[in-house]
Peer 1: 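The structure under discussion is supplied below as C-alpha cells; questions concerning it will follow.
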Amino acid sequence: MFSSLAIAAGLACAPMFGGAAPATAGAATGPVAVAPSPDKRTFIDDLVGRMTLDEKIGQLRLISIGPEMPAAKLMEEITAGRVGGTFNSVTRADNRPLQQAATRSRLKIPMFFAYDVVHGHRTVFPISLALASSWDMGVVEKAARISGQEAAADGLDATFAPMVDISRDPRWGRTSEGFGEDPFMVSQCARASVKGFQGTSPANADSVMAFVKHFALYGAVEGGRDYNTVDMSPQRMYQDYLPPYRAGLEAGAGGVMIALNSINGQPATSNKWLLRDLLRKEWGFKGVTVSDHGAIDELLRHGVASNGREAARLAIEAGVDMSMADTRYLEQLPTLVKSGAVPVALIDEAVREVLGAKYDMGLFQDPFRRIGAAAQDPADVNAESRLHRAEAREAARKSMVLLENRNQTLPLKKAGKVAVIGPLADAPIDIMGSWSAAGVAKQSVTLLQGMREALAGKGEVLYARGANITDDNRVVGYLNFLNWDNPEVVQDKRSSGEMIEEAVRVARDADVVVVAAGETRGMSHEASSRSSLGLPGSQQTLLKALRSTGKPLVLVLMNGRPLTINWEKDNVDAILETWYAGTEGGHAIADLLFGDENPSGKLPITFPRSLGQIPTYYNALRIGRPFTPGKAPNYTSQYFEEDYGPLYPFGYGLSYTTFSLSEVRLSDRKLARQAKLTASVTVKNTGARAGETVVQLYLQDVTASVVRPVKELKDFRKVMLAPGESRTIEFPIDENMLKFYNAKLEHVAEPGDFNVQVGLDSESVKTAIFTLE
Ligand code: NOJ
C-alpha cells in the first residue's frame with residue numbers, strides 16, 4: 001500500500017522506538033518516524049503495547065486550531081503525546097512545527113491534519129449540490145481529486161468530506177453541502193468524491209483521507225431545522241438514507257464523522273447500534289470514527305448523560321474513536337479506566353483505529369509526507385499558479401441548470417448593452433458558497449467581472465446593485481453574527497427606493513437585463529435553516545421593478561437550496577440556476593449566458609411551489625388516494641389552494657437545443673434471476689446546436705410485499721449530440737437493481753411486474769413493463 005516516496009526522496013528511515021534523534025525545530029522533514037512493519041496489524045499491536053494510558057487517550061483527541069487552544073499550550077500537549085490530530089490549520093508552515101512537536105514526543109507518533117475540504121481548497125469548485133447537477137461523475141471526481149491534491153500540497157492529510165446526507169427538505173441550510181435528495185445519485189457522488197480525494201491510496205503524498213459524513217441521517221432533521229431530531233422507520237433508513245454512506249465506505253473512505261442528531265431517540269454519538277452493529281459488524285467498516293464538533297459534550301444537552309463522565313463513557317462504549325473539540329475524553333477516560341467502568345480494551349480498540357488511519361495515510365513512513373521540506377514551501381500560499389482555474393471553470397459550466405428560456409432569450413449576443421444588476425452580481429465571497437475551505441474571495445471571478453471580460457471590445461456592461469440581499473436587519477445581524485469585525489453581508493447605505501431607481505435607469509438604457517439574485521452563502525450554511533424559501537423581499541421588489549421596464553429579463557440564481565420562485569418562473573424570460581459556482585463562477589456563468597457553452601445540468605433535488613408543499617422529493621412511496629392529473633382533485637392527496645406537483649421536478653433542466661426520446665424497447669418481457677435484460681431508448685438532438693442531455697432510467701416495483709416508491713432512479717447517461725444526431729442508449733437491468741428492504745429488512749427482489757420509466761427528467765417519462773420471474 002505504501003509508495004516508496006520517502007525512500008525515493010532520500011529520507012533515511014529510522015526505527016521509531018529505538019533512539020532516532022528527535023527532530024528539532026529546524027529540521028524540515030526529519031526521518032523521525034519509521035519504516036513500519038509491512039503488516040499493519042503487527043505494527044499497530046506492537047505500538048499499542050508500548051503506550052501508556054495517557055498516550056492512548058491523547059491519540060483520541062482531535063483538536064480545533066483556534067482560540068480554544070493557545071499555540072504554546074498546543075505544542076506542549078503534542079510534545080507530551082496528548083494529541084492525535086488537529087484541524088483548521090491549512091499551511092505546511094503552520095503544520096510543520098506541530099508535526100515536529102509530535103516527533104519529539106516519547107513514541108514519536110505522528111499527528112494528522114484535517115480540514116473541511118468539501119468542494120475545493122485553494123481553488124473553489126462549485127458547491128456539492130451544483131456538482132451533482134452535472135450528472136457527470138467525472139466532474140465530481142475531478143473536483144475532489146484537485147481539491148485533495150491542493151489540500152495535500154498544503155500539508156493536510158484528511159478532509160471532512162464528502163458530505164453525503166440525503167436532503168429532502170430545502171429548509172435545511174446544509175442542503176448546499178450535499179448532493180441532493182436521491183439515494184442513487186448521492187451514492188454515485190459519494191463514490192466519485194472518495195475516489196477523487198483519496199486517489200489510488202490515502203497514503204499517496206498527493207491524496208487526503210476522506211471522512212464520510214454525517215453518519216447518519218443528518219439530512220432528515222425534523223422540519224429542516226439544523227441539529228434537530230431524526231425519527232425514521234428502519235425501511236426508510238436502509239432504503240433511502242443509508243446507502244450513500246455505505247457507498248462512500250465501499251469506495252475506500254478511511255474515516256467516518258458521526259452526526260450531531262439523534263436517531264429514533266438515541267444520539268448518533270452514543271448510538272451503539274449505529275456505530276457498532278451497523279457500521280462495524282454489518283458493513284465491516286475498518287477505519288476511524290470521529291465525533292462532530294463538541295458532540296460528546298452535547299450528550300448532556302440531549303439528556304442521555306447527566307455529567308461529563310457519563311458522556312465520555314457512552315461515547316467510547318458506542319464506538320466513537322476520536323473526540324472532536326471537546327475535553328470529555330481527556331478529562332474522564334483516565335478515571336473511567338482506572339475505576340474499571342470502562343475496560344482498557346475499549347480504549348485500545350479506538351486507539352488502534354486512529355493509528356490505523358495514520359498508517360493508511362502513510363504517516364508512519366514519513367510524518368512529513370505532505371508537509372515536505374520548508375525550503376519547498378510556496379512563497380505565497382495563494383499564488384495564482386497554485387489554482388486550477390481551467391478545471392474549476394469547466395466544472396462550473398457543467399453544473400448549472402437552465403430552468404426557463406422563453407423566446408430563446410438565451411444565449412445572449414455578444415454585442416450591445418447588457419445591464420448586470422443585483423446584490424449578488426459582484427459578490428466574490430458569496431459565489432464561493434459555504435465551506436469554501438482556503439478559498440480567497442479576491443481570487444473569485446464575479447458575474448460582473450465575467451460579463452465584462454466576455455463583452456470586452458464587443459459590447460458594454462452597465463451595472464447597478466439594485467437592492468441589498470435583504471432589508472431585514474434581523475437576518476443581516478444573524479448572517480454577520482460570527483464576523484462582526486469583518487462582516488460578510490455589507491449593506492448599501494442607500495434607501496431601497498434609490499437603489500431601485502438607479503437599477504431601473506440602467507435597465508432602460510440596456511438591451512437586456514441580467515439580474516443576480518438569491519441567497520448569500522451564509523443563508524445556505526450550517527445553522528442556516530429557513531422558514532421561507534422565496535427570494536428575500538428586497539430582491540422580489542427589484543425584479544418586479546425591472547420587469548416593468550419591458551426589457552428582456554434574465555435571472556441568474558445564486559443559492560444553495562431549492563427556492564420557491566413561482567413569480568419569477570412566470571414573469572422573467574430566462575432563469576439560470578448557478579448555485580454557488582466557485583472561484584471561476586463569473587467566467588462560467590458568462591460562458592453559458594453567451595452560449596459559449598450549452599447548459600447541460602439537471603436538478604438533483606426537487607423545487608417546491610411553496611413551503612407548505614414540502615416534502616416534494618420525487619421518489620415518494622405510493623399511496624391509496626393519489627392525485628391524478630385531469631381528474632377531480634377532491635379526496636385525493638394534494639393541497640387544494642395550489643397546483644399539484646413541484647415547481648421543477650428532480651432531473652429537470654433545459655438546453656439551448658431540444659431533444660426527443662423514443663419509446664422504451666425491452667430486450668425481453670421477462671427477467672430470470674441472475675440474468676439481464678436491456679431497456680433501450682433513442683435520444684435525438686432535434687435542435688440546431690450541439691448539446692448534452694441526461695437520459696434517466698427509473699424503475700417502479702408494481703406490486704410488492706411492502707409499499708414501494710412511485711419510481712426510483714437506477715441509472716443515467718449523459719450524452720453529447722450534434723444537431724440532428726441520434727444515439728441509442730442501452731440500460732442493462734438485473735435482479736440487483738430491483739432489490740429493496742422488506743419488512744424484515746431483508747434485501748430482496750420479489751417476483752412480479754416492474755415498470756421501466758425513461759425520461760430526460762423524472763416527470764415526463766416513456767414506459768414499458770417486464771416481469772421478474
Ligand atoms: C461541524 C460540522 O457539522 C462538520 O461538518 C464539520 O466537519 C466540523 N464542524 C469541523 O469543521
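Note that ligands are numbered from 1 as they come in the structure, with each ligand's atoms numbered from 1 the same way. Note: hydrogens, waters and symmetry copies are ignored here, and every other heavy atom, side chains too, is used.
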Peer 1: Are a donor atom and an acceptor atom from the side chains of Thr200 and Asn204 found within less than 3.5 Å of each other?
Peer 2: yes

Peer 1: Tell me whether His214 has any N or O atom under 3.5 angstrom from an N or O of ligand 1.
Peer 2: yes

Peer 1: Where does Arg174 meet ligand 1, judged by heavy-atom distances below 4.0 Å: at the side chain, the backbone, both, or neither?
Peer 2: side chain

Peer 1: How about Trp273 and Gln266: does a side-chain donor come under 3.5 Å of a side-chain acceptor?
Peer 2: no

Peer 1: Judged by modelled atom types alone, do Gln59 and Lys358 share a side-chain donor-acceptor pair under 3.5 Å?
Peer 2: yes

Peer 1: Ser64 and Asn88: side-chain donor and acceptor closer than 3.5 Å?
Peer 2: yes

Peer 1: When you look for heavy atoms under 4.0 Å from ligand 1, do you find them on the side chain of Glu526, its backbone, both, or neither?
Peer 2: side chain

Peer 1: I'd like to check whether Lys213 has a polar contact with ligand 1, where a contact means an N/O of the residue lying under 3.5 Å from an N/O of the ligand.
Peer 2: yes

Peer 1: So between Val118, Asp292, Leu62, whose heavy atom ends up nearest atom 4 (C) of ligand 1?
Peer 2: Asp292

Peer 1: Would you say Asp116 and ligand 1 have an N/O pair spaced under 3.5 Å apart?
Peer 2: yes

Peer 1: Considering only NZ, NE, NH1 and NH2 on the basic side and carboxylate oxygens on the acidic side, decide whether Lys286 and Glu353 come within less than 4.0 Å.
Peer 2: no

Peer 1: So if I count the atoms of ligand 1 from 1 in the order they appear, which ones are less than 4.0 Å from some heavy atom of Met257?
Peer 2: 4 (C), 7 (O)

Peer 1: Could you tell me which atoms of ligand 1, counted from 1 in the order shown, lie closer than 4.0 angstrom to a heavy atom of Phe160?
Peer 2: 7 (O)

Peer 1: Mind checking whether Phe87 has a heavy atom under 4.0 Å from ligand 1?
Peer 2: yes

Peer 1: Compute both the distance and the angle, then confirm whether Arg168 meets the cation-pi test with Tyr617: under 6.0 Å from the six-membered ring centre, within 45 degrees of the axis.
Peer 2: yes

Peer 1: Quiz question: by atom type and distance under 3.5 Å, do the side chains of Ser133 and Trp579 form a donor-acceptor pair?
Peer 2: yes

